[in-house]
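These notes are about the structure you will find just below.
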Amino acid sequence: MKKVFALVDCNNFYASCERLFRPELNNQPIVVLSNNDGCVIARSNEVKALGVKMGDPYFKLKDLLAKHHVHVFSSNYALYGDLSCRVMTILQQMEPEVEIYSIDEAFVSLPYTPGKLHTDYARSLKEKVRRCVGIPVAMGIGPTKTLAKVANRLAKKNAQYGGVFDITDSNQIDELLARCDVEDVWGIGRQSGRKLRMRGILTARDLRDADEVWIRKNLTVTGLRTVMELRGVSCLPLELAPPDKKSIVSSKSFGRPVSSLADMKEAVATYLSTAAEKLRSQGSAAGAIQVFISTNVFNVNQPQHTQSMMASLPQPSAYTPHLLKAAMHCLEGIFRSGYLYKKAGVMLTEIVSSGQQQINMFGPVSAEKPELMQAIDRINRKWGRQTVQIAAAGLAKPWKMVQAHTSPAYTTNWSELPIVNATS
DNA sequence: TCTGGGGTCCTAGGACCC
DNA sequence: TCTGGGGTCCTAGGACCC
C-alpha cells in the first residue's frame, strides 16, 4: 500500500514546555537558554518577532530581552524529555509506524488516499496531542520526508492553514517550492547553500530541477538524495527502531574556567560516568575512548590549548572503573598547566553489542563487576542522576555548569510537582 | 564576566596488500 | 633508462541535523 509521510513538529518546543505549567505566560515572550545559560536555543513567536536568532549569545541580548520583559529560562531537560515522551506515546498509540526523529519531531507514515487531502486526519491527531499533553504541534504531509519537511514549514508559516499542510497532490507545487529558499530545504546547510547560489540555484524548485551530475559531484550522494526526494522519489525510509549509537559523547562547558588537573579529573570522571551509563543502557561496550579538552575559543586574547587523545581498551568494556582508567590516562597525556580550560568531553567509540565482545588473547583477564554497574544504574534511574556516583567525580564540582533560571521538574520529581490551589 | 551538546554520513588521502 | 593497477582499510575533517 502506498504511504505518505507526515512530519509532526512541536511548535517552539522548549518554550511551549515552559508555558505548560505557567499558563499566564501564554502570549508572553519566552526564551530558553543552552547549558551555562550561554545562548538562545528556543524562542516563542513573540521573541522571534524581536529578531532574536537561534544561537545568539545571551550576554549580548540581556538588555534587549529585559526591555521587552522576556521571560528567560535555563534549559530543563528533565521536563522537556518527559513531555517529549508523552507526545511520542500519543502518536504511537494512534499510528503503528512512527519514527522519533528528535526530541520535538516525529515522522509518521499514513496510508495514501489518492486525490484526497490527509489534512482532516492530521488535524485530529494534532488536536489529540494538544488535549492529552498540552503541546501545540504543526504537521506537514508529503510523499517523501523532505517534502513533508517543506509542507511542515508552510503549515507553520501560514496561519490560514491552521497548523496542517498537505503538499502530496498539490497542483501548486512549483509555486510553493519556488517560494522556499534553497537553504531552507532539509539537508542543505550554509556551505551547500553558498555553492548552490553561486550556481544560480536559489530555491527548492531550482534544486529539484538541477542537473543530477553536477549535484552528485558538488554535493555528494546526500545532495542527490535531497534532489530526488524533492522530485517525489522517496530515498529516506522511516526508521522505526532507533539503531544503536556508534559513538557516545558526553561533554560540557564549565561554569567557570578550570586550570587544575584535579578539577579537570573530576569533570572528565563525571562526563565519563554519564557516557558509560548511556553505553550500558543500549546494551553495548566500547572498544576505545577519546578525551578532549579546550580553552575558550572565543577569548582570543588568552593562550589557547585544544587537544584530544584516544586510547584503545584491552577489550571492549562498559565497566566504569576500566573506562575511567583509560580516560585518566588520556587526560594526563594532554593536560597542560597554565591554561584556563573552558570545556572537556569524553567520547566512547568502537561500540559493540555486549554479547559479542572479542576477548583479548594476550591481555590480562580483567575482573569486571557488571552487577555493580546494574545496581548503580537502577538506583540512579529511580532516585535521580548522580544519587550514587564514583568518588573520582568529586562532590563539590566547582566547575559545574551555571543555570540561573531553571523551572521545576514538574513532571519527574515528587518534590517539584505543580501545586494547584482551589478557591471556593 | 558571559558564545550548547550530541549525533550521523560522506569523502579524500595515506598505508598497505597482491 | 625503465617504476602498474586495483583493491581494502583507516582516519581526519567537513557538512549537516536538531
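Protein chains get the first letters and strands the later ones, always in sequence-line order, with residue 1 at the start of each.
Between A:Asp56 atom CG and B:dG4 atom C1' there is a gap of 13 Å when expressed in whole angstrom units. The OH atom of A:Tyr77 sits 15 Å away from the P atom of C:dC18 (whole-angstrom rounding). Regarding A:Ile100, its CD1 atom lies at a distance of 17 Å from the C1' atom of C:dC17, rounded to whole Å. When the C1' atom of B:dT3 is taken as reference, atom CD1 of A:Ile41 falls 13 Å away, rounded to whole Å. Rounded to a whole Å, the CG atom of A:Asp244 is 14 Å from the C1' atom of B:dT8.
Contact annotation: A:Thr222 side-chain N/O to C:dC16 OP1/OP2 distance is not under 4.0 Å. Put simply, A:Ser253 has a side-chain N or O that comes within less than 4.0 Å of OP1 or OP2 on B:dG5. Residue A:Arg256 places none of its side-chain N or O atoms closer than 4.0 Å to OP1 or OP2 of B:dC2. Dashed line: the shortest gap from a side-chain N or O of A:Ser192 to OP1 or OP2 of C:dC16 is under 4.0 Å. Considering only side-chain N and O atoms, A:Lys342 lies under 4.0 angstrom from the phosphate OP1 or OP2 of B:dT3. Contact check, A:Lys217 against B:dT11: no side-chain N or O comes under 4.0 Å of OP1 or OP2. In this model, the phosphate group of B:dG5 is approached by a side-chain N or O of A:Lys343 to a distance below 4.0 Å at OP1 or OP2. Contact check, A:Arg216 against B:dT11: a side-chain N or O comes under 4.0 Å of OP1 or OP2. A:Ser251 has a side-chain polar atom (N or O) that falls below the 4.0 Å cut-off from OP1 or OP2 of B:dG6. Side-chain nitrogen and oxygen atoms of A:Lys149 include at least one within less than 4.0 Å of the OP1 or OP2 phosphate oxygen of C:dC18.
Taking atom P on both C:dC17 and B:dT3, the two are 25 Å apart, rounded to the nearest angstrom. Across the P atoms, C:dC18 and B:dC2 are found 30 Å apart, a figure rounded to whole Å.
The side-chain tip of A:Lys400 does not point at the ring of A:Phe254 from less than 6.0 angstrom away and within 45° of straight on. Remark: A:Lys3 fails to qualify as a cation-pi partner of A:Tyr112 under the 6.0 Å distance and 45° angle criteria applied to the six-membered ring.
Using a cutoff of 4.0 Å between basic side-chain nitrogens and carboxylate oxygens, A:Lys246 and A:Glu350 are not scored as salt-bridged. Between A:Arg205 and A:Glu175 no salt bridge is recorded (no basic side-chain N to carboxylate O distance below 4.0 Å). For the pair A:Arg130 and A:Glu127, the salt-bridge criterion is met [side-chain N within less than 4.0 Å of a carboxylate O].
When each of A:Lys149, A:Lys156, A:Arg153 is checked for a salt bridge (Lys or Arg N to Asp or Glu O under 4.0 Å) with A:Asp9, only A:Lys156 meets the rule.
Ring planes of A:Tyr80 and A:Tyr77: perpendicular class, angle over 60° (limits at 30 and 60°).
Within the 4.0 angstrom heavy-atom criterion, only backbone atoms of the sugar-phosphate kind lie near A:Asp104; the bases stay farther away. Among the protein residues, A:Ile188 comes within range of the sugar-phosphate backbone only, with heavy atoms under 4.0 Å from sugar or phosphate atoms but none that close to a base. At a threshold of 4.0 angstrom between heavy atoms, the contacts of A:Val40 with the nucleic acid are absent.
Listed nucleotides B:dG5, C:dC18, B:dT8 differ in distance to A:Lys246; the shortest reach to its side chain belongs to B:dT8. Taking only side-chain atoms of A:Lys252, from C-beta outward, the nucleotide of B:dG5, B:dT11, C:dC17 with the closest atom is B:dG5. Closest to the A:Glu105 side chain, of the nucleotides B:dC10, C:dC18, B:dG7, is C:dC18.
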field: Nucleotide pairing, DNA chain C (Watson-Crick or G-U, distances under 3.5 Å), in dot-bracket with [ ] and |
entry: ....||||||||||||||
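Summarising the geometry of A:Gln302 relative to A:Asn296, their closest heavy-atom pair is NE2-N, 4.1 Å, with the distance given to 0.1 Å.
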